[in-house]
Amino acid sequence: MGIVKAICISEVRGVQKHPVDQVQLTPEWGIVGDAHGGNWHRQVSLLSFDKIEAFRAKGAQIDFGAFGENLVVEGFDFRALPVGTLLRCGQVLLEMTQIGKECHSHCEIYKAMGDCIMPREGVFARVLEGGAIQVGDEMHIEARLEPRPFQAAVITLSDKGAQGQREDKSGPAIVRRLEAAGYQVVETLLLADEQAVLQRQLTRLCDQRQLDLILTTGGTGFSPRDVTPEATLAVAQRVAPGIAEAIRAASMRITPRAMLSRGVSVIRGKTLIVNLPGSPKAVEESMDVFLDVIPHGLTLLRGQGGECAR
């Protein structure tokens with residue numbers, strides 16, 4: 001159980017949020033009157049009152065809203081909760097969608113203190129059920145009645161595609177297959193073949209969004225610019241080679257050039273990452289191999305399900 005200690009909004013972006021006594025929340029938008037509302041996954045930001053107090057104890061002179069947080073809640077260590085957690089506050093139901101955020105430039109708090117807690121302690125949520133929240137309201141974790149659908153991201157690696165010189169057909173093909181299988185595809189990215197950029201995006205999607213599955217397409221061949229496997233291995237915490245091996249084995253029955261694919265399959269945290277070839281045809285053939293099998297593995301990664309033995 002938690003208690004809402006402060007509510008903060010800002011009418012325009014780039015301006016520090018200021019405290020208010022009460023707000024109205026709208027499903028799939030966020031807080032009415034707050035500049036960060038919209039049809040995206042970061043509609044409402046939350047920060048633990050206890051974390052703010054600990055930061056103040058170091059000598060920081062900060063008001064509520066200084067970190068850009070909407071809701072300050074006492075009694076929760078939000079970072080310790082998994083993405084997908086449901087938070088109930090009166091009529092309002094929030095679903096956590098991201099933990100922490102990237103800090104592209106140091107804020108005034110960091111410049112003064114040498115630290116800022118929002119990038120690592122703040123969390124974000126979207127509004128599932130609307131209503132009013134006011135200071136002093138209670139908040140609690142609500143149990144899910146049904147399992148949350150698997151969430152996925154699709155990343156296309158292509159220099160020409162990123163430059164607008166080639167239409168991406170493989171990425172949309174993957175999205176169609178995943179959605180037909182019941183996955184929620186929450187992000188699609190089209191990136192140039194840059195290892196550092198791909199590593200950063202993979203890390204963000206695994207650690208902050210805690211997705212179940214990431215599928216990449218492209219960059220798995222012998223070209224000097226084909227660095228998708230290297231980027232994937234660089235962020236991996238565990239390898240899951242069987243998926244990549246199964247894809248190559250099945251593809252070898254279609255073309256001997258399948259042996260030239262360097263795609264890998266790995267795990268970071270609770271996220272499975274699988275590299276797919278770049279062509280739409282090869283993507284479809286690869287997904288035929290594993291799409292019906294991996295839900296069991298994804299369930300185990302979530303800490304659910306039983307043993308693999310039959």
Side-chain angles (χ1 to χ4, degrees), residues 1-56 60-79 81 83-113 115-142 186 204 208-209:
M1 183 72 69
I3 301 294
V4 177
K5 301 290 287 186
I7 303 170
C8 306
I9 65 170
S10 58
E11 289 77 9
V12 295
R13 292 186 178 229
V15 176
Q16 181 174 315
K17 296 187 185 298
H18 59 87
V20 295
D21 294 328
Q22 179 175 312
V23 287
Q24 190 74 26
L25 291 88
T26 301
E28 299 306 336
W29 175 263
I31 296 175
V32 176
D34 185 67
H36 290 84
N39 185 22
W40 68 323
H41 69 287
R42 287 171 48 179
Q43 296 169 352
V44 181
S45 55
L46 302 95
L47 192 57
S48 167
F49 173 78
D50 310 270
K51 300 294 184 181
I52 295 176
E53 287 297 283
F55 196 70
R56 285 173 171 170
Q61 303 296 316
I62 50 173
D63 297 322
F64 291 131
F67 294 105
E69 73 278 12
N70 290 125
L71 301 179
V72 178
V73 184
E74 182 180 23
F76 281 121
D77 180 1
F78 286 114
R79 185 173 179 80
L81 300 175
V83 166
T85 297
L86 298 179
L87 299 168
R88 170 70 71 179
C89 189
Q91 293 181 316
V92 176
L93 183 63
L94 305 176
E95 180 186 46
M96 278 180 48
T97 57
Q98 180 173 312
I99 296 176
K101 68 172 186 175
E102 294 177 283
C103 184
H104 299 289
S105 59
H106 291 316
C107 62
E108 294 302 317
I109 296 175
Y110 187 95
K111 292 175 183 177
M113 297 294 297
D115 190 20
C116 179
I117 60 175
M118 190 66 185
R120 64 175 182 273
E121 301 291 349
V123 303
F124 298 87
R126 65 188 184 103
V127 181
L128 300 183
E129 298 176 11
I133 293 180
Q134 61 184 12
V135 175
D137 283 351
E138 293 183 349
M139 179 180 288
H140 66 269
I141 296 174
E142 184 163 302
V186 299
R204 177 183 66 84
Q208 295 181 5
R209 300 216 64 182

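This chain uses plain numbering: 1 for the first residue, then up along the sequence. Given the structure is predicted, the values throughout are model-derived calculations rather than measurements.
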Decide yes or no for Q208 and I99: does some side-chain heavy atom of the first lie under 4.5 Å from some side-chain heavy atom of the second?
no
Residue D77 excluded, over 12 heavy atoms near CG under 6.0 Å
yes
Indicate yes or no: at least one non-hydrogen side-chain atom of F76 is less than 4.5 angstrom from one of I141.
yes
Counting distance only, does the side-chain N/O of Q43 pair as donor-acceptor with the main-chain N or O of V127 below 3.5 Å?
yes
Within the side chain of S45, is there an N or O that forms a donor-acceptor pair under 3.5 Å with the backbone of G122?
no
Beyond-backbone contact of I133 with L71, side-chain heavy atoms, under 4.5 angstrom:
yes
CD/Q91: more than 12 non-hydrogen atoms of other groups inside 6.0 Å:
no
Show the nearest heavy-atom pair for residues P27 and L128, with the distance to one decimal.
CB-O, 3.8 Å
Is the shortest side-chain heavy-atom distance between L25 and L94 below 4.5 Å?
yes
Residue list, ring-ring contact (aromatic ring centres under 6.0 Å, His included) with F124, at least two apart or on another chain:
none
Starting from the C-alpha separation in whole Å, work towards a yes-or-no answer on side chain to side chain donor-acceptor pair (under 3.5 Å) for E11 and H18.
CA-CA 9 Å; E11 289 77 9; H18 59 87; 3.1 Å; yes
Less than 4.5 Å apart, side chain to side chain, heavy atoms only: is that true for D34 and K17?
yes
For the side chain of Q98 and the backbone of G100, is there at least one donor-acceptor N/O pair under 3.5 Å apart?
yes
I need the H140 NE2 to L87 CG distance, nearest 0.5 Å.
9.0 Å
Looking at C8, is its backbone amide N or carbonyl O close enough to the side chain of N70 to form a donor-acceptor pair, meaning the two atoms are under 3.5 Å apart?
yes
Return each pair, listed once, that meets salt bridge (charged side-chain N to carboxylate O under 4.0 Å, His left out) where at least one residue sits in residues 129-140; pairs must be two or more places apart or across chains.
R88-E129
R120 charged N/C atom sitting above F67 aromatic ring, 6.0 Å / 45°:
no
Where V20 and V23 come nearest, the two heavy atoms and their spacing
CG2-CG1, 3.7 Å
Using the side-chain contact (heavy atoms from CB on, under 4.5 Å) rule, take R209 and V83 through it: C-alpha gap first, then chi angles, then the decisive distance, then the call.
CA-CA 7 Å; R209 300 216 64 182; V83 166; 5.8 Å; no
Q22 meets the side-chain hydrogen bond (donor to acceptor under 3.5 Å, both in side chains) criterion, sequence neighbours left out, with none
Go through the steps for V123 and L81 under the test side-chain contact (heavy atoms from CB on, under 4.5 Å), then give the verdict.
CA-CA 9 Å; V123 303; L81 300 175; over 6 Å; no
In plain terms, say whether R79 and E121 are close enough for a salt bridge, that is, a side-chain N and a carboxylate O under 4.0 Å apart.
no
Taking the side chain as everything from C-beta on, heavy atoms only, tell me whether V73 gets closer than 4.5 Å to F78.
yes
Rounded distance [0.5 Å steps], NZ in K5 versus CE in M139
13.5 Å
Spacing of CD belonging to E142 relative to CG belonging to L86, to within rounding of 0.5 Å
6.5 Å
Would you say the side-chain atoms of D50 pair up with the backbone N or O of G75, donor to acceptor, closer than 3.5 Å?
yes
